Amino acid sequence: MADVLDLTVWCDVPLLIAQERGIARDAQLGNDHRRLWHEVWTPNEIDFDANFAPRERAEVLMSSTDVGAK
């Protein structure tokens, strides 16, 4: 699919921070998805990074510090 995209952007946030934010967001909505985060989402994210190298393929790389994230 990458060959049909005009621009590729990767927003890079350390995985543990993304996980913490996702769990907190879910909790604010009244959902406890910690198990899914630990057993499904995070392992999938690690696998995606290893297999597709999104940072190297992106034309624009934004880090959490670029957008003022904590």
Side-chain angles (χ1 to χ4, degrees):
M1 181 105 197
D3 58 332
V4 298
L5 299 175
D6 291 329
L7 179 68
T8 54
V9 178
W10 180 258
C11 298
D12 200 28
V13 175
L15 186 55
L16 290 179
I17 291 174
Q19 183 182 59
E20 290 170 3
R21 290 178 182 172
I23 290 169
R25 182 187 60 236
D26 288 349
Q28 285 181 335
L29 297 172
N31 300 310
D32 182 2
H33 293 150
R34 284 178 290 190
R35 182 173 170 213
L36 287 172
W37 279 93
H38 293 289
E39 295 179 9
V40 178
W41 185 83
T42 300
N44 284 346
E45 213 36 46
I46 292 167
D47 184 61
F48 178 81
D49 188 41
N51 287 302
F52 297 101
R55 285 167 200 81
E56 289 79 31
R57 298 176 65 157
E59 295 167 298
V60 176
L61 178 61
M62 299 292 295
S63 74
S64 57
T65 57
D66 292 332
V67 292
K70 297 178 184 175

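Counting begins at 1 with the first residue of the sequence. These numbers were taken from a predicted model, which means no experiment stands behind them.
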Engineer: More than 12 heavy atoms of other residues, nucleotides or ligands under 6.0 Å from CZ of F48: is that the case?
Structural biologist: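 Yes.
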Engineer: Which pair of heavy atoms, one from M62 and one from V9, lies closest together, and at what distance?
Structural biologist: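 In terms of heavy atoms, the two residues are closest at CG-CG1, 4.4 Å.
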Engineer: Listing request: all salt bridge (Lys or Arg N to Asp or Glu O under 4.0 Å) pairs with a residue in residues 24-33, at least two apart in sequence or in separate chains.
Structural biologist: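 Pairs touching residues 24-33 that pass the test: D32-R34.
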Engineer: According to side-chain contact (heavy atoms from CB on, under 4.5 Å), who are the partners of A58, at least two apart in sequence or on a separate chain?
Structural biologist: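 side-chain contact (heavy atoms from CB on, under 4.5 Å) list for A58, sorted by chain: T8, W10.
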Engineer: In the hydrophobic clustering (ILVMFWY, side-chain contacts below 4.5 Å, transitive), which residues join I23, or is it alone?
Structural biologist: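 I23 shares its hydrophobic cluster with L15, W37, W41, I46.
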Engineer: Using side-chain contact (heavy atoms from CB on, under 4.5 Å) as the criterion, list what pairs up with V4, not counting sequence neighbours.
Structural biologist: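 For V4 the side-chain contact (heavy atoms from CB on, under 4.5 Å) partners, ignoring immediate neighbours, are M1.
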Engineer: Linking Ile, Leu, Val, Met, Phe, Trp and Tyr by side-chain heavy atoms under 4.5 Å, what else ends up with V40?
Structural biologist: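 In the cluster with V40 are L36.
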Engineer: Can you run down the salt bridge (Lys or Arg N to Asp or Glu O under 4.0 Å) pairs that involve residues 41-52, sequence neighbours left out, and say none if there aren't any?
Structural biologist: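 Every salt bridge (Lys or Arg N to Asp or Glu O under 4.0 Å) pair that includes a residue of residues 41-52, provided the two are not neighbours, is D49-R55.
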Engineer: Taking only residues two or more places apart in sequence, or in another chain, which ones meet E39 in a salt bridge (charged side-chain N to carboxylate O under 4.0 Å, His left out)?
Structural biologist: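 E39: salt bridge (charged side-chain N to carboxylate O under 4.0 Å, His left out) contacts with R35.
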Engineer: List the residues meeting side-chain contact (heavy atoms from CB on, under 4.5 Å) with P43, not counting sequence neighbours, and say none if there are none.
Structural biologist: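 For P43 there are no side-chain contact (heavy atoms from CB on, under 4.5 Å) partners, ignoring immediate neighbours.
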